Amino acid sequence: MNNEQLLDLVRQMTLEEKTAQLLQLTANFYEGTNVEGQITGPMEEMGITEQSVDASGSILGLSGAQAIIDVQQAYMQKSRLGIPLLFMADVVHGFKTIFPIPLAIGCSWDTELAEKSAEIAARESALSGLHVTFAPMVDLVRDPRWGRVMETTGEDPYLNSLFAAAFVRGYQGDSLKDEPDRLAACVKHFAAYGAAEGGRDYNTVDMSERNLREYYLPAYKAALDAGVEMVMTSFNTVDGIPASGNEKLMRGILRDEWGFDGVLISDWASIREMIAHGAAEDDREAAYRAIRAGVDMEMMTPCYVHHLPELIESGEVDEKLIDEAVLRILQLKEKLGLFDNPLRAADPEREREIVFSKEHRQVSYELATKSAVLLKNDESVLPLQPDANVALIGPFAQSPDILGWWSCEGVKEDAVKLGTALQERLTGGKVQFAQGSNVHTITAEQIAEALEVASKADLIVLALGEDSEMSGEGGSRTDIRLPAAQLELVKQLKAAGKPIASVIFNGRPLDLHGVIDESDAVLEAWFPGSEGGAAIADVLTGVVNPSARLTMSFPQSVGQIPVYYNHFNTGRPLNPEKTEERYVSKYIDSPNEPLLPFGYGLSYTSFSYGDLEVSSNEMTAEESLSIQVRVTNTGERAGVETVQLYVRDVTGEVVRPMRELKGYVKLALAPGESGTATFTLNEEQLRYHHSDLSYRSDRGEFHILVGANSRDTQKKSFRLV
């Protein structure tokens, strides 16, 4: 259908049919769709009529090719105008083949592989009948207490923007209509959900518009520039107004300023939640505020279907707002090719053949190997030698709980376990197992068994972490250390006097005290996905040389939070050589710096940096700078070094961060080999939002900082003239 035909379709719809198109319900509303006249429990609870269900526009959370085919066919038989349903789900980091959590994917600094993971997730989802994924989440996060930090790619707006665009490309391809194995993507959560106060889910967000634009909005804009089809509103307030009723944010910035003409959907029940926020008196006012803000689709509350008709009849809402929302939904259905083929790619036979295929799992494995960050490796305890006699101890030694919170159709029992994989690889050695502790509890018997197994080994590999329920939505924590039971296990095994290599499975940056000091080596595995055990075993044994770099700082303690690399200097900065000075910006009981900085990660080889070279000590608006540094692999293994470019604007009209990531180069080098990391820096990259919100650069001095992470860099200066 062309746009005129879609407009004609809107004109044929009754007001009730139009408002029903704006309603999204979960799959349980559609059970028994072939049984006439029944109103299910959920329908009665929400006050939804069978007529509204029959005319609704989309379903949340149903998957499986045959199930979706059955529902779509039953729905189309009842549809007066032949308008098909949209099927949507939270396909966050894989459908059945589960990839590492997005925070781990960010640590790969590999946008091509991230894009490939989204393409595979789309293919499996589309064959299983889905049309839209509620991903990517591109919220910038500086607070690891927040459970949903596992869905972000980190604390940096530049890197988050690169991954946002990559995920959108992977999900959507070049043409949704011509590529039925793709999904429409929905970027979330607009806006600034990652800045929830106290790291508490659904909590208040309050910041200046300049801060919002400078750090939090760029990744959403990058997703829009990549062509994302949908945007989801966030649960939080922005400048005192809940996002789902925030006209300035949704119509002012998203639609008018950025030109977004796709579908805007509320998060789960967030329109009705305006009442709890104190921004709407009742469902009627919530519907009024949301439709005026430009929210097209209401997820799992009935404010629109119950109250938009009367708001239009009273003249409080112009019916053209509803017509615009319906048209955008129909346009998305047309882009997906649903009017020509309501079943799209749903195919039970191809679903059985392709979903969770060996080819897909191989990409999951590769991404997991590139996402694991080596945090410590004293005395080169890792990699394990082929003939090593290893005691593998801990609650994650043979745990299948390594997929993470948003694992969609992933099955824990399908995940490759660390112990199984490690045993297969150490063919010349020996792996002995002990539970050691549970995730949250420990017994004297478990300790005794662990000490007995450790006494017979050359080295202890400790498999520790959070269970998947400890992060994700609703998984906020005030204490981000490992559970006390596991810290006690570490303490007991430390006394055994054997080298310890700890592997951490988790969904957030942790306070690692009680583990990192007691361990000779620490590998951050995150929740690595379906092939996680195989991937981590290959990193531990040196089949793969770790190359990942942190995209969030790890704090010294929860009391430092938020701690992030691109902070301001303050008017009384701490001089590292005068730590006893009192009247400066510091803690009296902790360093200012994080335990582990943004960009940090070790390798099984070593790299040396030559002198930093900059083409000129002046930059103009017309001429860029060329920046180069020679890097040499000085170790005995091939490895990848991620060379990072940071810039500091020394004096600005608005205070600027101590450093900001502007680019990176990954160099794959054989032992003894050298390579050159080359960067181009131009005036546009020096622009920022000034106090009047204009986006421009300032003349004056800038620092160029290049190195292996945000802390360990070489510096040179130039002036923008």
Side-chain angles (χ1 to χ4, degrees), residues 24 26 46 60-61 88-90 92 101-103 134-152 155 186-207 211-212 215-217 219-220 230-246 248-250 254 264-283 285-287 289-290 293 295 297-303 404-406 466 468-480 507-509 552 558 561-562:
Q24 178 167 99
T26 50
M46 281 180 63
L60 165 66
M88 309 186 190
D90 288 287
V92 174
I101 59 173
L103 182 57
F134 296 127
M137 188 194 99
V138 301
D139 300 332
L140 183 140
V141 186
R142 293 169 168 173
D143 193 334
R145 293 173 295 181
W146 193 44
R148 300 192 78 164
V149 66
M150 51 84 62
E151 291 181 68
T152 184
E155 69 184 40
C186 176
V187 70
K188 63 186 186 183
H189 306 87
F190 196 70
Y193 189 26
E197 287 183 0
R200 200 175 79 222
D201 219 346
Y202 320 117
N203 202 11
T204 302
V205 171
D206 193 15
M207 67 175 67
N211 196 41
L212 179 71
Y215 301 104
Y216 291 89
L217 294 188
Y220 307 112
M230 288 186 68
V231 172
M232 180 184 286
T233 66
S234 55
F235 285 117
N236 54 276
T237 56
V238 179
D239 197 20
I241 301 173
S244 294
N246 195 314
K248 179 178 179 180
L249 190 63
M250 301 304 167
L254 183 65
L264 180 60
I265 186 171
S266 77
D267 207 338
W268 184 291
S270 67
I271 289 179
R272 177 175 270 176
E273 285 173 14
M274 280 193 271
I275 301 170
H277 275 292
E281 185 177 4
D282 50 24
D283 283 3
E285 186 175 3
R289 293 200 67 169
V295 180
M297 194 175 285
E298 179 179 16
M299 185 191 297
M300 282 304 294
T301 45
C303 304
W405 174 259
W406 287 113
E466 302 178 302
S468 57
E469 296 288 322
M470 293 171 70
S471 61
E473 185 169 357
S476 300
R477 298 176 61 197
T478 60
D479 184 349
I480 56 171
R508 57 161 53 81
M552 276 193 76
V558 74
I561 294 169

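Residue numbers run from 1 in the order of the sequence given. Computation of the quantities below employed the complete heavy-atom set of this structure, encompassing side-chain atoms and omitting hydrogens, waters and symmetry-equivalent molecules. Since this is a predicted model, take the numbers as computed values, not measurements.
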- [ ] Please report the C-alpha distance between Trp405 and Glu469 in whole Å, then the side-chain angles of each, then the deciding distance to 0.1 Å, and finally whether the side-chain contact (heavy atoms from CB on, under 4.5 Å) criterion is met.
- [x] CA-CA 7 Å; Trp405 174 259; Glu469 296 288 322; 3.4 Å; yes
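- For the atom pair CG of Asp282 and CE of Met274, the computed distance is 11.0 Å after rounding to the nearest 0.5 Å.
- Across Ala196 and Asn203, no two heavy atoms sit closer than the pair CB-O, 3.9 Å.
- In plain terms, the two heavy atoms of Ala287 and Ile271 that are nearest each other are N-CG2, 4.4 Å.
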TODO: Output, in order, the C-alpha distance, side-chain angles, deciding distance and verdict of side-chain contact (heavy atoms from CB on, under 4.5 Å) for Trp406 and Arg148.
DONE: CA-CA 10 Å; Trp406 287 113; Arg148 300 192 78 164; 3.6 Å; yes
- [ ] Output, in order, the C-alpha distance, side-chain angles, deciding distance and verdict of side-chain contact (heavy atoms from CB on, under 4.5 Å) for Val138 and Tyr193.
- [x] CA-CA 10 Å; Val138 301; Tyr193 189 26; over 6 Å; no
Task: side chain to side chain donor-acceptor pair (under 3.5 Å) between Tyr202 and Glu473, worked out - done: CA-CA 9 Å; Tyr202 320 117; Glu473 185 169 357; 2.8 Å; yes
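- Rounding to the nearest 0.5 Å gives a distance of 12.5 Å between OH of Tyr216 and OG of Ser234.
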Task: Worked check of side-chain contact (heavy atoms from CB on, under 4.5 Å) between Leu60 and Phe134 - done: CA-CA 10 Å; Leu60 165 66; Phe134 296 127; 3.2 Å; yes
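- Counting non-hydrogen atoms of other residues, nucleotides and ligands closer than 6.0 Å to CG of Asp239 gives a total of 12 or fewer.
- Separating the CG atom in Asp90 from the CH2 atom in Trp268 is a distance of 9.5 Å, to the nearest 0.5 Å.
- A distance of 9.5 Å separates CG of Leu249 from OG1 of Thr233, quoted to the nearest 0.5 Å.
- Proximity of Glu298 to Cys303: side-chain heavy atoms (C-beta onward) are separated by under 4.5 Å at one or more points.
- Put simply, CE on Met88 and CE on Met232 are 9.0 Å apart, with the number rounded to the nearest 0.5 Å.
- Judged purely by atom type and a 3.5 angstrom limit, Ser476 uses its side chain to pair as donor or acceptor with the backbone of Gly199.
- A distance of 8.5 Å separates CD in Glu285 from CD1 in Ile275, rounded to the nearest 0.5 Å.
- At distances below 3.5 Å, at least one donor-acceptor pair connects side-chain atoms of Asp139 with backbone N or O atoms of His189.
- Asp201 approaches Gly474 most closely through the heavy-atom pair OD2-N, 2.6 Å.
- Here the closest non-hydrogen pair linking Ala192 and Leu212 is CB-CD1, 3.7 Å.
- Distance alone, capped at 3.5 Å, is enough to place a donor-acceptor pair between the Asn236 side chain and the Ala191 backbone.
- Atom CZ of Arg200 is surrounded by 12 or fewer heavy atoms from other residues, nucleotides or ligands within 6.0 Å.
- Thr237 places no side-chain N or O within 3.5 Å of a backbone atom of Thr204 that could act as its donor or acceptor partner.
- Here the closest non-hydrogen pair linking Phe235 and His277 is O-NE2, 3.1 Å.
- Checking side-chain atoms of Arg289 against main-chain N and O of Ala280 turns up no donor-acceptor pair under 3.5 Å.
- When all heavy atoms of Ile265 and Val295 are compared, the closest pair comes out as C-CG1, 4.2 Å.
- At distances below 3.5 Å, at least one donor-acceptor pair connects side-chain atoms of Arg508 with backbone N or O atoms of Arg145.
- No donor-acceptor pair under 3.5 Å is formed between the side chain of Tyr215 and the backbone N or O of Glu155.
- No side-chain heavy atom of Pro144 sits under 4.5 Å from any side-chain heavy atom of Arg477.
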